[in-house]
Amino acid sequence: MSRPAGREPRRLTRWWRRRSLRTRLTVIAATAIAVSVFVAFQVASELMDWELQDTAESQLRADSRVLATNAERAGLTQVQLPPYPGSGRLVRVILPDGSIRTPAGQPALPPVSEQAGRVAQGASADLMESNDSEEGYLIYTLRAGDGAVQVAQLADDSPINRFGFGMLLIGLLCVVGGALVGRTVARTGLAPIDRLTAAAVRVAHTRDLDADIPDEGGGEIRRLIQSINDMLAALRDSRRAQRLLAEDAAHELKTPLTSLRLNVELLIRLDRRGTLDSALSAESRTRLLNDLGAQVAELSTLAAELTDLARGEVSDESTEVLDLADVVVAAATRARSRVPDVEVALDVTSVWVSGRPAALERAVLNLIDNAGKWSPADQPVLVRLHAEGASVVLEVDDAGPGIDVADVPRVFDRFYRADSARALPGSGLGLSIVQRVVDAHGGRATVARSARGGALLRVVLPAAAPPAPIARLTAGEDTAAC
C-alpha cells in the first residue's frame with residue numbers, strides 16, 4: 001500500500017520542529033555553504049568550459065588558415081601532409097570530387113558531414129562543428145581552392161573533471177567547516193539564551209520571584225531579558241497583592257466572626273443549661289438575634305466584595321453600548337430596597353457609554369450605599385448624571401460630615417476606613433471596587449466636599465455615540481409593502 005503523498009513532508013516538518021535551535025542553525029549554515037559552493041561550481045564550470053572551447057576554436061581556425069594557404073599554393077592533391085606524430089591536432093583535405101586525403105598513421109575522423117561537404121562545394125566559407133560520437137571531436141572546415149581543409153581536435157574534458165573533483169573536495173571541506181563554524185556561532189550566540197533559560201528554570205523551581213535575571217547582551221537578547229524581568233516584577237506585585245488581600249481579608253473577617261462566635265456560644269451554653277428562656281428576656285433575645293442577623297449579613301457582604309475584588313479584571317461580561325441612566329436608576333432601586341430609610345433623589349439624563357452593565361451597576365450601588373451610611377435621615381442622597389463635553393459625569397452627593405482632608409488620598413484604597421467610620425458597618429471595599437470598575441472603563445473617580453457639607457464622589461467616564469435607531473415599520477407601511 002502506497003503512503004499518502006503529503007505524509008513525508010509533514011513528517012520532515014515535525015522532525016525539523018523537534019530539533020534544537022542550535023542544531024537548526026548548524027544545519028542552515030552547512031546547507032547555505034553547500035548551496036553556495038554548488039552554485040559557484042556550476043558558474044565556474046560553465047565559464048571554464050566556455051574559455052577552453054573558445055581557445056580550442058581559435059587554435060583550430062589558425063591551423064586551418066595555415067593549411068588552406070599551403071593547399072592553395074601547392075594544390076589540394078599535392079599539398080604536403082606530414083605523418084601523424086601520435087598526438088595533437090588531426091587534419092584532412094576534402095577534394096573537389098568528395099574524396100579525402102589524410103596524413104599517414106592518423107586515426108580516422110568521422111565521415112564528412114553534409115554541412116562540411118557544402119563548404120567544400122563553395123556554399124559557405126567555413127564551419128565549426130562538434131561531433132557527438134564517442135570520441136567527441138571538434139572539427140573546423142575552411143574553404144580552400146576547389147575543396148576544403150579540416151582541422152580537428154579531440155574534445156578533452158579532463159580539465160573540467162579535475163576542476164570539478166577539486167571543487168568537490170573544497171566544497172566538502174567548506175561544508176564541514178561551515179557546520180563547525182555554525183555550531184560555534186550558534187553556541188556563542190545562544191549562550192545568553194542558555195543562561196536565561198537556566199535562570200528561568202531556577203525561578204520556576206525555587207519560586208523566588210525576587211531574583212532578577214542579569215541584564216547582558218544587546219539587541220533582541222536584552223529586550224527579552226528586560227521583558228522577563230518586567231514579567232517577574234508583575235508577578236511579584238501580583239503575589240504581594242494576593243498576600244495583602246489575604247491578610248486584609250483575615251483581619252476584616254476576624255471581628256464579625258469573633259462577635260458571631262461569642263453570641264452563638266452564649267446561646268449554646270444557655271440552651272445546654274436549660275436557662276435560655278429565663279436568662280434572656282424576650283427583648284434581649286430579639287436584640288441578640290438581630291445582632292446575629294446583622295453579623296451574618298456583614299459577613300455575606302464582605303465575602304461578596306472580596307470575591308468581586310479578587311476577580312480583578314477577569315469578567316465574562318461582554319462590553320456593550322448602554323444608556324448609563326438606566327444603570328443608575330436600577331442601582332438606586334436596589335439601594336432603596338436594601339436601606340428603605342435612606343432617600344435617593346435622582347437627577348439623570350440619558351447618556352451613553354461603552355461598558356459592562358453589571359459592573360457599572362455594582363459601582364453605582366456602592367457609591368449610593370456609601371453615601372447612605374453618612375447622610376442624615378432627613379437629607380436625601382443626591383445622584384446626578386449628565387454629559388460634559390466628550391465625557392459622562394456621575395455625582396453622588398450626601399449631607400453627612402464629609403471626608404477629612406487627611407483621608408482623601410486613601411478613600412479608594414482597599415479596606416481603608418476612616419477613624420470616624422470604624423463604628424459603622426462596612427468592609428472598606430466598596431469604594432475600592434468603584435475605583436477598579438472606573439479604571440477598567442477608562443474613567444477616573446475623585447472625591448471632594450459637596451455644597452451641603454458632605455462628600456461629593458464624582459465619576460467621569462468617556463462618552464460613546466448612541467446606537468443607530470432601529471427602523472420600525474408602521475402597520476400601514478407593513479401592509480403597503482405586502
- Task: Assess whether salt bridge (charged side-chain N to carboxylate O under 4.0 Å, His left out) is satisfied between R356 and E320, documenting all intermediate values.
- Result: CA-CA 6 Å; R356 300 194 294 268; E320 60 184 74; over 6 Å; no
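- Smallest separation of non-hydrogen atoms from A371 and V396: CB-CG1, 3.7 Å.
- A donor-acceptor pair is defined here as one N or O able to donate and one able to accept, closer than 3.5 Å; such a pair exists between the side chain of T349 and the backbone of L385.
- Checked by atom type, the side-chain pair Q42/E46 shows no donor-acceptor distance below 3.5 Å.
- With hydrogens and angles left out, the side-chain atoms of D439 and Q435 include a donor and acceptor closer than 3.5 Å.
- A pairwise comparison of heavy atoms in V321 and A465 identifies CG1-O, 3.7 Å as the closest pair.
- A heavy-atom distance below 4.5 Å is found between the side chains of L324 and L360.
- Judged purely by atom type and a 3.5 angstrom limit, R336 uses its side chain to pair as donor or acceptor with the backbone of V344.
- One N or O on the side chain of D398 and one on the backbone of A455 form a donor-acceptor pair closer than 3.5 Å.
- Look at R261 and E265 and you find a salt bridge, because one of the NZ, NE, NH1 or NH2 atoms lies within 4.0 Å of a carboxylate O, short of that distance.
- The backbone N or O of D397 lies less than 3.5 Å from a partner atom in the side chain of R452, making a donor-acceptor pair.
- When all heavy atoms of S350 and A325 are compared, the closest pair comes out as CA-CB, 4.1 Å.
- For the residue pair H441 and S354, the shortest heavy atom distance occurs at CD2-O, 3.7 Å.
- The two residues A331 and V364 come nearest to each other via the heavy atoms CB-CG1, 3.6 Å.
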